[in-house]
Amino acid sequence: MRTLSLLAALLLAAACASHETQAPSASNDSNAGRNPASTAGSGTAQPSNSSAVNGNATADAGPPGGSVYFDFDSNDVKTEFQPVIESETRYLSAHPGAKLRIEGNCDERGSREYNLALGQRRAEAVKHVMTVLGANGTHIETVSFGEEKPAAEGHDESAWARNRRDDFRYVSR
């Protein structure tokens with residue numbers, strides 16, 4: 001029953017999230033204008049969330065940390081990252097003095113301004129899901145780095161997929 005209500009909350013957040021489409025800046029990649037999820041089976045690399053999912057963190061453990069990854073040109077929160085978000089929410093709820101910063105990031109495609117806005121929408125979408133799950137929104141700040149802090153260097157789908165993410169950083173515990 002709890003899983004069903006959490007899934008409903010994630011679906012609600014995804015439905016409420018805005019989704020804009022913009023043609024990416026000039027690129028030599030033939031998949032540049034397509035959503036990687038729609039190219040399944042085409043060899044498109046997706047980041048593994050195994051390093052992002054930190055198991056069931058307890059209140060006594062340190063902050064979970066981790067990342068949530070996004071599809072190209074999207075701020076829709078995917079259900080596969082529910083365990084990461086739940087873990088962050090549990091930690092934040094168990095530590096009332098903790099302050100979390102959600103850092104939105106993008107790949108290099110698109111203008112600087114567009115990527116800053118998209119990174120902000122991504123961070124706000126995850127914050128919304130966390131507040132629906134019970135986190136105190138006043139303890140969560142959001143920031144966008146756009147394309148300025150890549151997790152992976154490179155100019156291919158594999159690198160871009162790793163760079164389209166939200167990172168969790170605790171600014172106080």
Side-chain angles (χ1 to χ4, degrees), residues 6-7 9-55 57 63-89 100-130 133 140-170:
L6 291 174
L7 182 58
L10 284 172
L11 291 174
L12 173 65
C16 292
S18 65
H19 181 70
E20 297 177 17
T21 302
Q22 172 186 348
S25 61
S27 171
N28 294 331
D29 182 20
S30 62
N31 289 330
R34 294 194 309 224
N35 183 328
S38 67
T39 59
S42 66
T44 301
Q46 290 292 319
S48 166
N49 69 337
S50 61
S51 64
V53 177
N54 298 299
S67 298
V68 172
Y69 294 89
F70 295 86
D71 289 333
F72 173 73
D73 197 35
S74 174
N75 61 296
D76 295 339
V77 179
K78 296 191 269 185
T79 57
E80 70 189 84
F81 295 103
Q82 180 178 338
V84 175
I85 296 170
E86 288 175 352
S87 179
E88 298 293 343
T89 301
L100 173 66
R101 181 175 58 228
I102 302 173
E103 301 174 347
N105 297 275
C106 299
D107 63 36
E108 64 188 14
R109 298 172 290 176
S111 70
R112 182 176 189 279
E113 294 80 14
Y114 182 79
N115 286 338
L116 283 170
L118 178 58
Q120 188 65 38
R121 288 194 307 272
R122 288 175 173 167
E124 291 290 336
V126 170
K127 177 182 179 178
H128 176 74
V129 172
M130 290 181 72
L133 294 174
I140 304 171
E141 72 174 280
T142 59
V143 65
S144 174
F145 292 118
E147 63 196 68
E148 301 301 318
K149 291 192 173 193
E153 297 297 328
H155 308 286
D156 59 10
E157 184 54 44
S158 176
W160 293 331
R162 290 186 56 213
N163 292 332
R164 296 187 302 258
R165 70 192 191 286
D166 278 353
D167 293 324
F168 298 96
R169 303 277 186 245
Y170 283 86

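Everything numeric in this text was worked out from a predicted model, so none of it was measured.
- With hydrogens and angles disregarded, a donor-acceptor distance shorter than 3.5 Å links the side chain of Asn163 to the backbone of Ala152.
- Listed by chain and number, the residues in a side chain to side chain donor-acceptor pair (under 3.5 Å) with Arg101 are Glu103 (sequence neighbours excluded).
- With hydrogens and angles ignored, the 3.5 Å screen pairs a side-chain donor or acceptor of Lys127 with a backbone N or O of Ile140.
- Considering only residues two or more places apart in sequence or on other chains, Thr89 meets the side chain to side chain contact (heavy atoms under 4.5 Å, CB included) condition with Ile85, Ser93, Met130, Leu133, Ala135.
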query: Does the side-chain contact (heavy atoms from CB on, under 4.5 Å) test come out yes or no for Leu116 and Phe145, once each step is laid out?
result: CA-CA 6 Å; Leu116 283 170; Phe145 292 118; 5.8 Å; no
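- His155 contributes atom NE2, which lies 7.5 Å from atom CD of Glu153 (distance to the nearest 0.5 angstrom).
- The two atoms that bring Asn115 and Cys106 nearest to each other are O-SG, 3.1 Å, heavy atoms only.
- At a threshold of 4.5 Å between non-hydrogen side-chain atoms, the residues Phe168 and Val84 count as touching.
- Looking at every heavy atom in both residues, Ala159 comes nearest to Asp156 through N-OD1, 3.0 Å.
- Interatomic distance, Arg109 CZ to Leu118 CG, rounded to the nearest 0.5 Å: 11.0 Å.
- For Arg121 and Tyr114, the positive end sits near the middle of the six-membered ring, less than 6.0 Å away and at most 45° from its axis.
- For the residue pair Tyr69 and Lys78, the shortest heavy atom distance occurs at O-CE, 3.5 Å.
- For the pair Asn105 and Asp167, the minimum side-chain heavy-atom distance is below 4.5 Å.
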task: Dump the intermediate steps for side chain to side chain donor-acceptor pair (under 3.5 Å) on Tyr170 and Glu88, then the final yes or no.
output: CA-CA 10 Å; Tyr170 283 86; Glu88 298 293 343; 2.7 Å; yes
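- Nearest heavy atoms, Ser67 versus Arg165: OG-CD, 4.4 Å.
- The CZ atom of Arg122 lies 7.5 Å from the CG atom of Asp166; values are rounded to the nearest 0.5 Å.
- At a threshold of 4.0 Å, the pair Glu157-Arg164 counts as salt-bridged, since one of the basic side-chain nitrogens sits closer than that to a carboxylate oxygen.
- When all heavy atoms are compared, the tightest approach of Ala125 to Asn75 is CB-O, 3.5 Å.
- When all heavy atoms of Phe70 and Asp76 are compared, the closest pair comes out as CD2-O, 3.5 Å.
- With values rounded to the nearest 0.5 angstrom, Glu124 atom CD is found 10.5 Å from Ser144 atom OG.
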